[in-house]
Amino acid sequence: MLLVGITGGIGSGKTTVCKIFEVLGIPIYYADDRAKLLMHDNIKLVAALKEAFGEEIYQNGQLDRPVLAAKVFNDTAKLEKLNSLVHPAVAEDSVNWQMEHLDAPYTLREAALLFEVGTYKALNKIVMVTAPLDVRLKRVMARDKVTEEQVLARINSQWPEEKKIELADFIITNDGQELIPQVMAVHAELMELAVRG
Ligand code: ATP
């Protein structure tokens, strides 16, 4: 089974690109969305989070994200604790998900921090979506109704583009030039790899 990762900085358009792969019938594991879901639904994880961060992080059975975020903000040890609880749950969930898609030619795993948290090492190929900084700033400011400074702070917490591009196997440039032909070309190469084994 060919396991492919797809990533890109904030506002690069990785979710938009994933929608095109979905149309092509490729199953996509959205790691960040799944993590959020597991923090609600995985009984073991919920219990561990309550023990580590206090019962108050859940209100009426719902995770109170701002309360949890305030606890880990600027506290590396707590952030590491949070990751050490969430990552194994996501890893287990993604293996189960993978087993449900054994008939696919390849699968995609989408994550914003694929390189930063080291997940890329367990994948066979990496697709990186990239776009110029000014374009990303404009997109995220419009989408999330936030200031340029807020977007820049998020961008600066991620690895620089150059470092990620070096480690990627395929680059999709989402700067306004046509996106679908680029996705089709990457898909064709991945299908070829999948067939060759
Ligand atoms: P994040 O990491 O913040 O979730 P992302 O990399 O997944 O971002 P998207 O959500 O796909 O990025 O795109 C960011 C915004 O830019 C969205 O509002 C999307 O509709 C828009 N966008 C993406 N690509 C294009 C494009 N080629 N042309 C116009 N708008 C685009």
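Every number for a ligand or one of its atoms is a count from 1 in the order of the listing.
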| Polar side-chain atom of Arg109 near backbone of Tyr29 as donor-acceptor pair, under 3.5 Å | no
| request: Could you walk me through whether Asn60 and Gln62 pass side chain to side chain donor-acceptor pair (under 3.5 Å), step by step? | output: CA-CA 5 Å; Asn60 304 320; Gln62 296 292 308; over 6 Å; no
| Sequence neighbours excluded, which residues qualify as side chain to side chain donor-acceptor pair (under 3.5 Å) partners of Tyr106? | His187
| Tell me, which residues have any heavy atom less than 4.0 Å from some atom of ligand 1? | Gly9, Ile10, Gly11, Ser12, Gly13, Lys14, Thr15, Thr16, Arg139, Arg143, Asn174
| field | Atom CD1 of Ile43: over 12 foreign heavy atoms under 6.0 Å | value | no
| query | Can you tell me how far the CG atom of Leu137 sits from the CD1 atom of Ile10, to the nearest 0.5 Å? | reply | 10.0 Å
| For the side chain of Asp169 and the backbone of Ile126, is there at least one donor-acceptor N/O pair under 3.5 Å apart? | yes
